[in-house]
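Here's the structure we're looking at; comments come further down.
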Amino acid sequence: MIPPAPTPPSPVVSVLGLAPVLPVVVLPDASAAVPLARALVAGGLRAVEVTLRTPAAPAAIRAITDQVPEAVVGAGTVLTPGQVDACVAAGARFLVSPGWTEGLLAAMRGCGVPFLPGVSTVSEVVALLERGVREMKFFPAQAAGGVPYLRSLAGPLPQARFCPTGGIGPANAAEYLSLPNVGCVGGSWMVPPDAVAAGDWARIEALARAAAGIRGSA
Ligand code: 3PG
């Protein structure tokens, strides 16, 4: 008897709707990808952004896609149209960029998965809204003005919604999540490089569990 084909994962509609906290992962070696993703999922964080800051990233995305189906893996630090195609081919279900250009935006629009282009100024936000994009990464969040800055945008630009990232951790994540224009926060605090290097998945699972419990107070 022919076994039934595996059910394809349902498409991601909104990156901001995946989870309140999006772990940002830097992997020196793709062999860590699967145990790391399993630890994050076990701790309650099922969305994972693997950044393209290391050459291991596409193989890591492919490994998580194939071996950790309960995770929703995306690609971060996407900077070129070529990377857009490579990440989607590797199985990325969403894309994140620290900034955007017309060329990058065109590639992201055409790739078939949702994306978060990065902004840090009001004019960049307005330019994305003008192009029909309402979900954005706010980067580098703390350095670019943090919670007061995003709160100031909610009045004139209520249609823009953000995933602030950069300098966020357990001490300030809830404050960001309380803002009406924040859908989720991104950060690397639950994936310390020394824990990844040591293969300390129990520590990462515990950090993920604590992060998964963070909610906005509003
Ligand atoms: C990112 O790429 O989104 C940030 O570098 C993550 O920022 P963090 O390390 O300060 O959390």
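Order of appearance sets the numbers: ligands from 1, and atoms from 1 within every ligand.
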Is there any protein N/O under 3.5 Å from an N/O of ligand 1, and what does the full list of such pairs look like?
{"from": "ligand 1", "atom 1": "2 (O)", "to": "Arg53", "atom 2": "NH2", "distance (Å)": "2.1"}
{"from": "ligand 1", "atom 1": "3 (O)", "to": "Lys137", "atom 2": "NZ", "distance (Å)": "2.6"}
{"from": "ligand 1", "atom 1": "5 (O)", "to": "Arg53", "atom 2": "NH2", "distance (Å)": "3.3"}
{"from": "ligand 1", "atom 1": "9 (O)", "to": "Ser188", "atom 2": "OG", "distance (Å)": "2.6"}
{"from": "ligand 1", "atom 1": "10 (O)", "to": "Gly167", "atom 2": "N", "distance (Å)": "2.8"}
{"from": "ligand 1", "atom 1": "11 (O)", "to": "Ser188", "atom 2": "N", "distance (Å)": "2.9"}
{"from": "ligand 1", "atom 1": "11 (O)", "to": "Ser188", "atom 2": "OG", "distance (Å)": "3.3"}

- Item | Same cluster (ILVMFWY, side-chain, under 4.5 Å), Leu150 and Trp100 | yes
Of all heavy-atom pairs linking Leu177 and Gly183, the shortest is CD2-O, 4.4 Å
The side chain to side chain contact (heavy atoms under 4.5 Å, CB included) partners of Ala141 (sequence neighbours excluded) come to Phe138, Pro164, Ile168, Tyr176
Between the NZ atom in Lys137 and the CG atom in Leu16, the distance rounded to the nearest 0.5 Å is 12.0 Å
Donor-acceptor list for residues 112-121 side chains, cut-off 3.5 Å, not counting sequence neighbours:
{"from": "Thr121", "atom 1": "OG1", "to": "Glu124", "atom 2": "N", "distance (Å)": "3.1"}
{"from": "Thr121", "atom 1": "OG1", "to": "Glu124", "atom 2": "OE1", "distance (Å)": "3.4"}

Counting only pairs under 3.5 Å, give me each side-chain donor-acceptor contact of residues 90-98, with atom names and distances, residues two or more places apart or in other chains.
{"from": "Arg93", "atom 1": "NH2", "to": "Ser10", "atom 2": "O", "distance (Å)": "2.6"}
{"from": "Ser97", "atom 1": "OG", "to": "Val78", "atom 2": "O", "distance (Å)": "2.9"}
{"from": "Ser97", "atom 1": "OG", "to": "Gly99", "atom 2": "N", "distance (Å)": "3.3"}
{"from": "Ser97", "atom 1": "OG", "to": "Gly99", "atom 2": "O", "distance (Å)": "2.6"}

